[in-house]
Amino acid sequence: MRTILSSLAFGTALAVAGAASAQDKYTVALDGTFAPHAMPKLGGGIEGFNVDLANMIGERLGVEMDIVATQFSGILPGLQAGTYDFVVAPTTITEERAENVLFSEGYLNTDYMFVVANDAPEIDSIEGFADKTIAVNKGSVYDSWARDMAEEMGWTVESYGTNSDAVEAVVSGRAFANVAGNTVSAWAAQKNPNIKPSFTYTTGRVWGMPFREGDEELRATVESVIECMKIDGTMAELHEEWFGFAPAEDSAAVTPVAGFGEPGYEGYVDDGHEPSC
């Protein structure tokens, strides 16, 4: 992990931490196979954009981050059960999810990218996947989206425990395509010579961090750090380091949001809070 901290950021972190609970360790969860956000590294442990992001939040708050890597399908139930304090896995903010958890403001945009076998024909519209078999990560937003679209598209959806397994289904010929977040799919295609990027479906959605309902104080604490990381350029540096390109000027990675939560979704609080660092 590369540390990107400034004295100004330390001052903000200390002020925010002072308003939070006296807790000195947070147990957080992510999917450890969701490269480049989190993935196994040589010698043990995990690395990736969200691993660095979680550790930097901990450093700025002066707390230990116990990062648990597990399958995505069990992460939100684990949050609700109290197993995790909050979730650092990339989690798409949706209306349905916002009814059950508190979301931070978005910190990354997410579109849906299909990957196909290298010898597959070029596809320039979603209609090109009609009547095909689509592999997805079980419990992900891509899983629910693909199933919601199944009747319209006539495709068959197969769910796998990890996105890596879903990609392998494409390589082995069990599925025509895998659909996941654009950063994940681009990374998979870059690392696997047997697949290639295909059509990208623009969603307008963002990834946020889920918290339990009632944990507004913890959400505000963490979200204030996220906002500071946007303002001081840390988020943009992480974006370029892990994804290979700078975030767009108006993207969630560099645009702090007033209030707490994501505007337009349940749980958003417009209390006059203005992002600062």
Side-chain angles (χ1 to χ4, degrees), residues 1-2 4 26-42 44-58 65-76 78-79 84 86-94 97 103-115 136-143 145 160-168 178-192 195 197 200 203 205-210 222 225-226 229-230 234-248 251-254:
M1 183 190 68
R2 186 176 56 165
I4 312 171
Y26 292 119
T27 300
V28 298
L30 47 67
D31 180 347
T33 65
F34 203 57
H37 295 270
M39 54 193 166
K41 64 179 180 180
L42 294 176
I46 53 175
E47 62 181 353
F49 177 93
N50 285 72
V51 178
D52 280 3
L53 177 58
N55 281 321
M56 287 181 177
I57 289 171
M65 299 293 270
D66 179 15
I67 302 175
V68 178
T70 186
Q71 289 192 353
F72 186 83
S73 58
I75 288 178
L76 292 182
L79 174 69
Y84 314 118
F86 62 98
V87 174
V88 296
T91 306
T92 305
I93 301 175
T94 66
R97 285 175 174 167
F103 274 104
S104 71
E105 66 181 62
Y107 59 89
L108 285 178
N109 293 82
T110 175
D111 291 323
Y112 302 167
M113 180 184 286
F114 291 82
V115 297
V136 294
N137 186 1
K138 183 178 180 180
S140 68
V141 71
Y142 321 108
D143 189 349
W145 173 78
Y160 293 84
T162 69
N163 197 65
S164 298
D165 290 338
V167 169
E168 184 56 35
N178 159 244
V179 63
N182 53 313
T183 55
V184 173
S185 293
W187 176 273
Q190 179 183 344
K191 297 298 180 181
N192 191 327
I195 60 174
T200 297
T203 68
R205 295 191 181 274
V206 294
W207 277 322
M209 289 190 181
V222 174
V225 176
I226 290 172
M229 293 175 73
K230 293 180 180 185
T234 302
M235 195 76 74
E237 288 195 35
L238 283 177
H239 191 288
E240 191 155 6
E241 177 181 348
W242 285 105
F243 308 144
F245 59 95
S251 69
V254 294

- prompt: Rounded to the nearest 0.5 Å, what separation is found between the CG atom of Leu53 and the NE2 atom of His239?
  reply: 12.0 Å

message: Is the shortest side-chain heavy-atom distance between Trp187 and Met39 below 4.5 Å?
response: yes

- request: State, yes or no, whether a side-chain contact exists between His37 and Leu108 at a heavy-atom distance under 4.5 Å.
  value: yes

message: So does Thr110 get a backbone contact from the side chain of Asn182, meaning a donor-acceptor N/O pair under 3.5 Å?
response: no

message: Under a 3.5 Å distance rule, please check whether Ser164 uses its side chain to pair with a backbone N or O of Thr162 as donor and acceptor.
response: no

field: Inter-residue atom distance Arg205.CZ - Asn109.CG, 0.5 Å rounding
entry: 12.5 Å

Residue that, paired with Val115, satisfies side chain to side chain contact (heavy atoms under 4.5 Å, CB included) out of Ile195, Val184, Asn192: Ile195

query: Would you say the side chain of Thr70 lies within less than 4.5 Å of the side chain of Ile75, judging by non-hydrogen atoms?
result: yes

task: Please round to the nearest 0.5 Å and tell me the distance separating atom CG of Asp52 and atom CD of Glu237.
output: 11.5 Å

message: Tell me whether Lys230 contacts the main-chain N or O of Met235 through its side chain, where contact means a donor paired with an acceptor under 3.5 Å.
response: no

query: How many angstroms lie between OH in Tyr112 and OG1 in Thr200, if you round to the nearest 0.5 Å?
result: 12.5 Å

- prompt: Are any side-chain N or O atoms of Tyr142 and backbone N or O atoms of Asn137, one a donor and one an acceptor, separated by less than 3.5 Å?
  reply: no

- request: Compare all side-chain heavy atoms of Leu76 with those of Pro210 and state whether any distance is below 4.5 angstrom.
  value: yes

message: Can you tell me how far apart CE (Met209) and CD1 (Ile226) are? Round to the nearest 0.5 Å.
response: 4.0 Å

message: Using the side chain to side chain contact (heavy atoms under 4.5 Å, CB included) definition, which of the options Val167, Val136, Asp143, Asp165 pairs with Tyr160?
response: Asp165

